[in-house]
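Inspection log for the structure reproduced underneath, given as structure tokens.
We name chains A, B, ... by the order of the sequence lines, and we start the count at 1 in each one.
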Amino acid sequence: MEYKFRDIEKKWQDAWKVNKVYKVSNESTKPKYYVLDMFPYPSGAGLHVGHPLGYIASDIYARYKRLKGFNVLHPMGFDSFGLPAEQYALETGQHPAETTKKNIATFKSQLDKIGFCYDWEREVQTSDPNYYKWTQWIFLKLYNSYYNRSTQKAEPIAELVKEFENNGTVNCQLSTVNSFTASEWKSFDEATRQSILMDYRLAFSSYGEVNWCEALGTVLANDEVVNGVSERGGHPVEKRKMRQWYLRITAYAERLLEGLETVDFSDSMKEMQRNWIGKSSGAEMDFAIKGKDKKLRVYTTRPDTIFGVDFMVLAPEHDLVEQITTTEQKAGIEKYLQYVKSRSDRERQSEVKQITGCFTGAYAVNPFDGREIPIWIAEYVLAGYGTGAIMAVPCGDERDFAFANHFNIPITNIIGEHFNGKEANATKEAILQNSGFLNGMLMKDAIDVAITKIEELGIGKRKVNYKMRDAGFSRQRYWGEPFPIIWSDGIALPLDAAELPLELPHVDKYGPGPSGEGPLANLTDWVTVSNGRRETSTMPGYAGSSWYFLRYMDPHNDKTFCDRTVSDYWNQVDLYIGGTEHAVGHLLYSRMWTKVLYDLGMIGHDEPYKRLVNQGMIQGSSRFVYRVKVATTVFPLEIFDSKQIFISHGIYQKWNENLIDGQGLHKLIQEVFPIIPEYKEKDGITGFIITPLHVDVNIVDGYELNIEEFKKWRNGEYVDAVFIKEDEKYLCGSEVEKMSKSKFNTVNPDDLVNRYGADTFRMYEMFLGPVEMSKPWDTKGIEGVHRFLKKLWRLFFDEVKGPIWTTTAPSPLERAGGEAATDAEWKALYKGLKKIEEDTERFSFNTGVSGFMILVNELSDIKCHKKEVLEKMLIALVPYAPHISEELWSLLGNAGTILDAAYPVIEKSYLVESSKEYPISINGKVRTNINISLEATQPEVEQIVLANEVVQKWLEGKPPKKIIYVKNRMVNVVV
RNA sequence: GCCCAGAUGGCGGAACUGGUAGACGCGUCAGACUCAAAAUCUGGUAUUCGCAAGGAUGUGCAGGUUCGAUUCCUGUUCUGGGCACCA
């Protein structure tokens with residue numbers, strides 16, 4: 001009997017579906033385990049081999065936990081709102097709802113073929129009104145809450161209103177907001193009160209900058225802006241202020257930082273989040289501005305360098321710029337502001353070689369020595385960080401130094417010999433000079449002294465600062481959750497919870513609305529309501545994905561987003577698998593939402609993910625063909641119209657390295673294409689233009705192009721192509737790039753599953769390497785894994801003899817007279833299973849697969865066909881290759897599904913060893929091996945080792961200096 | 001530019017806590033079976049010197065710590081991911 005994987009996999013996938021074996025209950029006596037994959041966006045291109053990497057890993061672990069006796073939740077769903085669907089709608093007129101539905105169907109059928117153990121009854125889609133109803137509901141909770149700094153948690157905004165009514169702002173520590181008394185609060189009109197409350201709400205509206213493209217009349221995502229112009233059409237893009245919604249994630253900065261201590265993420269992942277939050281401590285202080293009744297507030301982490309301040313730099317967007325610029329400088333400043341408008345934040349920070357800035361004409365006054373300090377504006381200072389203004393200390397800061405140098409600003413040296421005049425030195429270890437009351441102090445000690453003095457003088461105070469900014473939460477787009485908000489005379493009125501979901505209305509056109517608003521603004525009937533005008537922005541992609549892990553627990557609940565008893569049962573996600581690209585976006589947002597829901601008492605835990613494992617990205621290995629075109633100025637064009645000439649990679653390389661000239665190439669072309677005219681040059685130009693073109697990797701075998709397939713490719717575009725080969729082959733060039741449809745380097749899992757089966761595909765994806773590492777996809781090698789499964793099959797079946805397994809208690813189907821398994825057979829099994837279990841436990845699935853290969857090789861070598869041995873191996877194989885395991889399990893005569901079998905327990909008695917073949921090194925280099933008992937003591941070992949003739953030879957009669965013996969490891973003789 | 005990660009044979013990778021570098025698989029070479037092919041099986045396969053025994057070199061690059069370093073430290077190069085409106 002042959003291994004007919006197609007029949008087997010189809011059969012069991014159907015049976016599992018009919019028997020609902022993956023249905024998960026919220027009630028169980030077993031311990032729970034929650035395994036989650038990062039929410040996929042259902043792109044139109046379908047699944048490529050990169051997607052399932054993490055899904056297979058999580059599926060293996062989920063199945064493993066199930067065999068180990070856990071009630072495992074392993075759901076899947078779709079993050080189905082998003083820009084690509086809308087972009088596609090804009091281009092083709094198809095409604096995003098339609099294309100999204102189609103894409104999801106494709107994704108699901110592709111996923112199902114790989115044999116995942118998802119409970120599809122728990123599927124969620126963020127664009128489903130039954131889902132986004134609760135996204136909107138949570139938004140309203142955020143809107144109606146504020147962060148209470150005394151209790152350090154979110155509380156209903158009504159509590160704050162009460163506080164204002166009773167005590168005003170006395171107990172509210174929010175430095176950016178004006179203070180008032182209780183009676184003042186009562187005297188404010190509604191608009192004023194609401195605008196004050198807006199400064200406290202966790203979801204709030206304010207003004208922020210967007211990428212505005214005048215030509216397209218729309219706001220663009222960063223993704224859609226390339227080199228300062230729009231990707232579509234190449235129109236100029238500039239920044240513009242618009243009303244936006246934000247989430248006050250900054251209120252949670254400290255808790256997001258502290259929470260990292262309680263979760264099991266990789267150190268690098270935590271580091272990235274810490275850097276993103278960017279906590280720093282220092283001081284905020286005010287500088288008087290000469291001749292103005294204005295103060296310039298700066299934030300600095302190095303108040304010890306206060307006497308080294310040689311200039312001030314404001315962010316170009318800073319409010320003070322307009323007020324302090326002198327008439328002489330006005331023109332220059334305006335020109336500079338115009339320039340900055342066209343620059344993205346990224347460009348402003350990354351281009352350090354090009355130094356730009358402009359003097360405002362104004363001066364700040366150093367409060368300690370009265371020195372007048374010129375105030376500049378420069379793009380390297382960003383408005384969003386700190387106070388949007390810095391005090392520049394060129395002797396201690398590289399960028400300040402470069403700036404001072406560029407604009408010839410004199411530099412004050414406060415660190416003596418530590419500053420060499422050629423580059424800044426950011427040390428904290430220097431003794432301060434030229435520094436007034438700080439003279440003679442070590443810099444790191446002076447920081448505190450300076451802050452104390454600043455506070456004494458009342459010109460500033462100690463301040464902890466976070467680099468993180470509040471998260472922009474609105475998009476001027478169609479395909480997202482509508483905000484449950486109505487604007488009435490500038491006041492935002494939330495909808496009542498009973499009015500949810502506010503459904504996304506149907507539109508026929510996806511173009512932008514007037515004055516930069518989203519497409520919804522075009523629907524006058526929808527926008528206009530009796531008490532005002534609806535918010536026309538929609539929520540961003542991360543809205544739905546910030547809480548989806550909760551909805552999976554209780555997906556059909558129409559009373560609440562997730563019942564508290566259910567969320568208490570499933571609690572945190574025990575294992576979350578996904579890419580590092582979400583390190584600071586999605587992960588921080590969902591952590592924040594979780595904390596808010598926790599504060600409001602709606603869930604019982606404040607960190608969503610207990611453990612996070614990052615999967616690497618599978619890159620594509622692109623293939624190139626090299627097309628030769630001729631310049632019309634040299635050759636008559638017509639003859640090349642019908643034919644396209646391609647040169648093999650080797651020839652292309654020679655051409656590139658000038659190892660072959662025009663004449664040489666001409667000769668090669670002539671061999672296959674005799675009608676080419678005589679060789680010509682014009683002004684020393686050969687007239688050959690060679691262009692690398694991406695070619696579909698699926699019609700290339702290794703590097704060799706399948707010419708017949710190529711001629712059929714792209715509707716016969718290359719049907720008449722002519723090839724200049726090397727060694728009778730056309731070889732393609734290659735490059736590792738991101739896997740993408742446009743690069744023709746995507747590999748579809750369906751083809752591989754068809755050809756080799758899901759079990760082979762699953763094991764091969766794991767066998768490629770560690771899950772967390774990025775690697776290029778290469779289909780070569782999948783044969784090896786397939787061969788392994790066939791070899792495993794042959795432990796049970798012989799091509800001619802049929803079933804060959806034996807057992808001591810034969811059933812009619814089986815061969816009688818089986819013998820009990822030998823110690824050697826048990827030892828081989830348990831040694832293998834031990835490695836496999838340990839590897840699975842630590843997510844080392846690639847070595848887990850190789851463990852199975854070693855085990856099957858060994859069992860084949862010792863001709864072990866004992867049912868009792870093979871059966872245990874099958875159970876351990878379920879997570880990796882569920883279909884073949886289930887088939888063989890059932891063929892062995894077992895009743896019930898193997899998915900619920902008990903994971904084999906390792907009998908350690910078979911694994912005990914009494915001696916070891918020790919490597920013996922001389923000076924760290926292995927020279928021989930000696931078998932020594934594991935019981936041996938140091939003196940015994942020394943005696944055995946020194947008696948060895950190889951060791952004797954290397955000692956050359958000299959006594960050893962030292963003998964290092966590490967039990968169960970090695971012996972090293974130092975000479 | 002800033003933050004994070006990675007680099008080991010022809011290729012994917014293994015070596016988990018500083019202890020035999022190259023497990024397992026691909027490819028390749030030789031052989032068996034076969035009229036032949038496929039499938040399968042057996043053996044070799046880091047580089048280099050040597051008939052062999054055996055030796056030397058070798059984990060991106062340059063140093064350091066150690067009896068011993070792919071593993072730890074310092075510096076450096078290249079590649080990938082992120083940088084706030086792709087998801």
message: Using a 3.5 Å distance criterion without hydrogens, assess whether the side chain of A:R240 forms a donor-acceptor pair with backbone atoms of A:N211.
response: no
query: Side chain of A:L768: nearest nucleotide among B:G12, B:C24, B:G13?
result: B:G12
statement: A correct 5'-to-3' footprint of nucleotides 57-78 of chain B, with B, S and - meaning base, sugar-phosphate only and no protein heavy atom under 4.0 Å, is S---------B-----------
- prompt: Tell me: CD1 of A:I854 to P of B:G25, nearest whole Å?
  reply: 8 Å
query: What string of B, S and - do you get for nucleotides 31-48 of chain B, 5' to 3', when a contact is any protein heavy atom under 4.0 Å?
result: ---------SS-------
query: Counting side-chain heavy atoms from CB outward, which of B:C4, B:C24, B:U20 is closest to A:F767?
result: B:C24
Taking distance alone, no hydrogens or angles, what donor-acceptor pairs closer than 3.5 Å link side-chain atoms of residues 917-924 of chain A to residues at least two apart or in another chain?
from: A:E917; atom 1: OE1; to: A:N931; atom 2: ND2; distance (Å): 3.2
from: A:Y918; atom 1: OH; to: A:N968; atom 2: N; distance (Å): 2.8
from: A:N923; atom 1: OD1; to: A:V975; atom 2: N; distance (Å): 3.0

field: A:R348 side chain near B:G1 phosphate (N/O to OP1/OP2, under 4.0 Å)
entry: no
- prompt: Should A:N857 be listed as having a side-chain N or O under 4.0 Å from OP1 or OP2 of B:C24?
  reply: no
- line: In 5'-to-3' order, the base (B), backbone-only (S) or no-contact (-) status of each nucleotide in nucleotides 80-87 of chain B, using a 4.0 angstrom heavy-atom cut-off, is SSSBBBBB
- request: Identify, with sequence neighbours excluded, every residue that meets side-chain contact (heavy atoms from CB on, under 4.5 Å) alongside A:R243.
  value: A:S205, A:Y207, A:W487
- prompt: Can you check the A:Y764 OH to B:G13 C1' distance for me, whole Å?
  reply: 11 Å
Please tabulate, for the side chains in residues 846-858 of chain A, all donor-acceptor contacts under 3.5 angstrom to protein atoms that are two or more places apart in sequence or on a different chain.
from: A:N846; atom 1: OD1; to: A:S844; atom 2: OG; distance (Å): 3.4
from: A:T847; atom 1: OG1; to: A:D839; atom 2: OD2; distance (Å): 3.0
from: A:T847; atom 1: OG1; to: A:S844; atom 2: O; distance (Å): 3.0
from: A:T847; atom 1: OG1; to: A:S844; atom 2: OG; distance (Å): 2.5
from: A:S850; atom 1: OG; to: A:T847; atom 2: O; distance (Å): 3.1
from: A:N857; atom 1: OD1; to: A:K791; atom 2: NZ; distance (Å): 2.9
from: A:N857; atom 1: ND2; to: A:M853; atom 2: O; distance (Å): 3.3
from: A:E858; atom 1: OE2; to: A:K831; atom 2: NZ; distance (Å): 3.3

